[in-house]
Peer 1: 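My structure is below; once you've seen it, I'll send some questions.
Quantities reported herein were computed from a predicted structural model and do not represent experimental measurements. Quick note: residue numbers are just sequence positions, from 1. Computed from heavy atoms alone, side chains included, the values below leave out hydrogens, waters and symmetry copies.
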Amino acid sequence: APTLTLAEALQKGSNLILLGNPGRGKTVTLAHLGIQLARRNDLPGNLGERLPIFIQAIDLLKTDDELSNADILILGIQQYATSVNHAQLLKFLPEKIKNGRSILIIDGLDELSPELADQAVERLAQITAEYPELQFIISASLTYTNGLPKLGANPVALASWDVEKRTQFVRHWSRLWYRYVGKEVGLTETADPGLLNAWLLSETIPWSPLEVTLKTWALYAGDALGPTGADAIEAFIQRAISSDNQPDQDSDSRHSLQEISINLLKTQSLFFRFIQKAATEDNVSVDIQPDNDTQETISDGEIINGSIIAIEPVSYTHLTL
């Protein structure tokens, strides 16, 4: 079937719902679009003149009645534009939006439960009602887009990687790996890249871009654990937490990751809101605060790589995986 680039699909002020399963590349696609806009790349139509406003869907859930729609957008932006203060953005952003010179890029709606997704879409409806000139694109799940079509948004799906795309990716990875990584670690003897690529490209399973990336990485790093996507994810985790001189640290790091995951489930939290460097004392604990309507405080007592990770909980009734 014929395909369009995201920039082509956004022509004539079209609002889009970017659909795709986890690992299909929605976040990378939106981030790439934001980078193209920020760099004023040569894009079709007048899209290259647009100011990208990149936020997360969870930023739309702020319930303070005193916050205006502009405040909601600014608070989301300030996570990435820390050098610009709120007053400056409040003076600049609404004017840019009203002149039709901006585009709102929202990622992560598919990471929310249906109940929270409805709340985020409701806030988006308020924003677009106040700023009808504001063009937007939002990523969503294939199974839940409730309310978005009513805002005049058109669904578009990410095309899967065919054999040609996978071949281009694997060969490009191979060239960069031997040019940079192999040289950095002093590799002198290695498997024939043609054999490695042939093994990767012989797969007939339609792996997602994330799975293809992790499988390729594991094969070239020499720590592949098996042929499945789960094996590739496990290899990445082991590689990420490994340390050459402190083998005991590996198990500690994995234990800490498991504790964080369990506590996220216990507190029904969705995201890490911020990470703050801790002091160097030996007894640094990680306190994860639950919802305001409970009195329980969960503390796992672990040192997470010298950082205190604060989690802002968001209640939801069920988790969609």
Peer 1: Can you say whether the rings of Y220 and Y178 are parallel (under 30°), tilted (30 to 60°) or perpendicular (over 60°)?
Peer 2: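 Correct class here is perpendicular.
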Peer 1: Assigning hydrophobic clusters by single linkage (Ile, Leu, Val, Met, Phe, Trp, Tyr; side-chain heavy-atom cutoff under 4.5 Å), is L210 placed with W161?
Peer 2: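 Yes: a chain of side-chain contacts under 4.5 Å links L210 to W161.
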Peer 1: Mind checking whether I17 and P149 have side chains closer than 4.5 Å, heavy atoms only?
Peer 2: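 With C-beta onward as the side chain, the pair touches.
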Peer 1: Do L104 and L90 land in one hydrophobic cluster if side-chain heavy atoms of ILVMFWY residues count as linked below 4.5 Å?
Peer 2: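 Same cluster.
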Peer 1: Rounded to the nearest 0.5 Å, how far apart are OG1 of T167 and CG of L200?
Peer 2: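 Going from OG1 on T167 over to CG on L200, the span is 10.0 Å.
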Peer 1: Would you say L148 and L109 make side-chain contact, with heavy atoms under 4.5 Å?
Peer 2: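 Touching, per the 4.5 Å side-chain cut-off.
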Peer 1: So for atom CD, which belongs to E8, do other residues, nucleotides or ligands contribute more than 12 heavy atoms lying within a distance under 6.0 Å?
Peer 2: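 It does: E8 CD has more than 12 such atoms within range.
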Peer 1: Is there a side-chain contact between I77 and F54 (heavy atoms, below 4.5 Å)?
Peer 2: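 Counting from C-beta outward, I77 and F54 never come under 4.5 Å.
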Peer 1: Taking D110 first and then K26, would you say they form a salt bridge - that is, a charged N and a carboxylate O separated by under 4.0 Å?
Peer 2: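 Salt bridge present between D110 and K26.
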Peer 1: In the single-linkage hydrophobic clustering (I, L, V, M, F, W, Y; side-chain heavy atoms under 4.5 Å), do L225 and I237 co-cluster?
Peer 2: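 No, because L225 and I237 fall into different hydrophobic clusters, even though each may have its own neighbours under 4.5 Å.
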Peer 1: Measuring only between side-chain heavy atoms, which start at C-beta, is L196 closer than 4.5 Å to V170?
Peer 2: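 Sidechains of V170 and L196: no contact.
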Peer 1: Of all heavy-atom pairs between S253 and I241, which one has the smallest distance, and what is that distance?
Peer 2: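 That closest heavy-atom pairing would be CB-CB, 3.9 Å.
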Peer 1: Should D223 and Q238 count as side-chain neighbours, where that means a heavy-atom distance under 4.5 Å?
Peer 2: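 A side-chain contact under 4.5 Å is absent here.
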Peer 1: Looking at S242 and R239, would you say the former's side chain and the latter's main chain have a donor-acceptor pair under 3.5 Å?
Peer 2: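 Between the backbone of R239 and the side chain of S242 there is a qualifying donor-acceptor contact (under 3.5 Å).
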Peer 1: How far does CG of L73 sit from CG of L89, to the nearest 0.5 angstrom?
Peer 2: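 Reported to 0.5 Å precision, the distance equals 10.5 Å.
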Peer 1: Quick check for you: to the nearest 0.5 Å, what is the distance between L37 atom CG and S102 atom OG?
Peer 2: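 The OG atom of S102 is 10.5 Å from CG of L37, to the nearest 0.5 Å.
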Peer 1: Do I35 and R39 come within less than 4.5 Å of each other through their side chains, counting heavy atoms only?
Peer 2: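 The answer is yes, as the side chains (C-beta and beyond) meet within the 4.5 Å cut-off.
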Peer 1: Would you sort out whether L6 and L16 count as a side chain to side chain contact (heavy atoms under 4.5 Å, CB included), showing the intermediate values?
Peer 2: CA-CA 9 Å; L6 196 56; L16 300 180; 4.1 Å; yes
Peer 1: Would you call the rings of W173 and W177 parallel, tilted or perpendicular, where under 30° means parallel and over 60° means perpendicular?
Peer 2: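 Parallel: the ring planes of W173 and W177 meet at under 30°.
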Peer 1: Using atom types as modelled and distance alone, determine if a side-chain donor or acceptor of D59 lies under 3.5 Å from a backbone N or O of Q56.
Peer 2: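 Checked: pair present.
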Peer 1: Hey, does the side chain of S14 reach the backbone of Q11 with a donor-acceptor pair shorter than 3.5 angstrom?
Peer 2: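 Such a contact is absent between S14 side chain and Q11 backbone.
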Peer 1: Does T213 reach the main-chain N or O of P209 with its side chain, forming a donor-acceptor pair under 3.5 Å?
Peer 2: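 The answer is yes, because a donor-acceptor pair under 3.5 Å joins these two groups.
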Peer 1: Would N146 and V121 satisfy side chain to side chain contact (heavy atoms under 4.5 Å, CB included), going step by step from the backbone distance to the final call?
Peer 2: CA-CA 8 Å; N146 189 35; V121 172; over 6 Å; no
Peer 1: Closest heavy-atom contact between A140 and T145?
Peer 2: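 So the two residues come closest at CB-CG2, 4.2 Å.
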Peer 1: I would like to know whether F92 and L51 meet side chain to side chain contact (heavy atoms under 4.5 Å, CB included); could you show each step before the answer?
Peer 2: CA-CA 11 Å; F92 166 77; L51 172 73; 3.7 Å; yes
Peer 1: Check this for me: does any side-chain nitrogen of one of R123 and E130 sit under 4.0 Å from a carboxylate oxygen of the other?
Peer 2: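 Between E130 and R123 there is no salt bridge, as every charged N stays at least 4.0 Å from the carboxylate O atoms.
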Peer 1: Please check if the side chain of R24 supplies one atom and the backbone of A157 the other of a donor-acceptor pair under 3.5 Å.
Peer 2: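 Pair absent, no side-chain N/O of R24 close to backbone of A157.
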Peer 1: Which distance, rounded to the nearest 0.5 Å, do you find between the CG of N69 and the OG1 of T128?
Peer 2: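 If I round to the nearest 0.5 Å, the distance is 9.0 Å.
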Peer 1: Test of understanding: clusters of I, L, V, M, F, W, Y form through side-chain heavy atoms closer than 4.5 Å, transitively. Do W217 and V28 belong to the same one?
Peer 2: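 Not linked; separate clusters.
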Peer 1: So does Q135 get a backbone contact from the side chain of N15, meaning a donor-acceptor N/O pair under 3.5 Å?
Peer 2: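 No; judged by distance alone, with no hydrogens or angles, the pair does not exist.
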Peer 1: Just so I know, are the side chains of L18 and L158 near enough to count as touching, which here means a heavy-atom distance under 4.5 Å?
Peer 2: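 When only atoms from C-beta onward are counted, L158 and L18 do touch, with a gap below 4.5 Å.
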Peer 1: Quick one: list whatever passes side chain to side chain donor-acceptor pair (under 3.5 Å) with T27, sequence neighbours left out.
Peer 2: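 Partners of T27 by the side chain to side chain donor-acceptor pair (under 3.5 Å) criterion, ordered by chain and then number, come out as D107.
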Peer 1: List the steps, then state whether side chain to side chain contact (heavy atoms under 4.5 Å, CB included) holds for I53 with I103.
Peer 2: CA-CA 6 Å; I53 305 172; I103 180 170; over 6 Å; no
Peer 1: Under 3.5 Å, is there a donor-acceptor pair between the side chain of D231 and the main chain of T228?
Peer 2: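 Pair found, side chain donor or acceptor close to backbone of T228.
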Peer 1: Once you round to the nearest 0.5 Å, how far does CD1 of I105 lie from NE2 of H32?
Peer 2: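 One gets 11.5 Å once the value is rounded to the nearest 0.5 Å.
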Peer 1: Measuring only between side-chain heavy atoms, which start at C-beta, is I127 closer than 4.5 Å to L134?
Peer 2: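 Sidechains of L134 and I127: in contact.
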Peer 1: What salt bridge (charged side-chain N to carboxylate O under 4.0 Å, His left out) pairs are there with at least one residue in residues 144-170, not counting sequence neighbours?
Peer 2: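 Those involving residues 144-170 do not exist here.
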Peer 1: Linking I/L/V/M/F/W/Y whenever any side-chain heavy atoms sit under 4.5 Å apart, do F236 and F169 land together?
Peer 2: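 Yes, one cluster joins them.
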Peer 1: Can you tell me how far apart CG (L124) and CD (Q126) are? Round to the nearest 0.5 Å.
Peer 2: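 CD of Q126 is found 9.5 Å from CG of L124.
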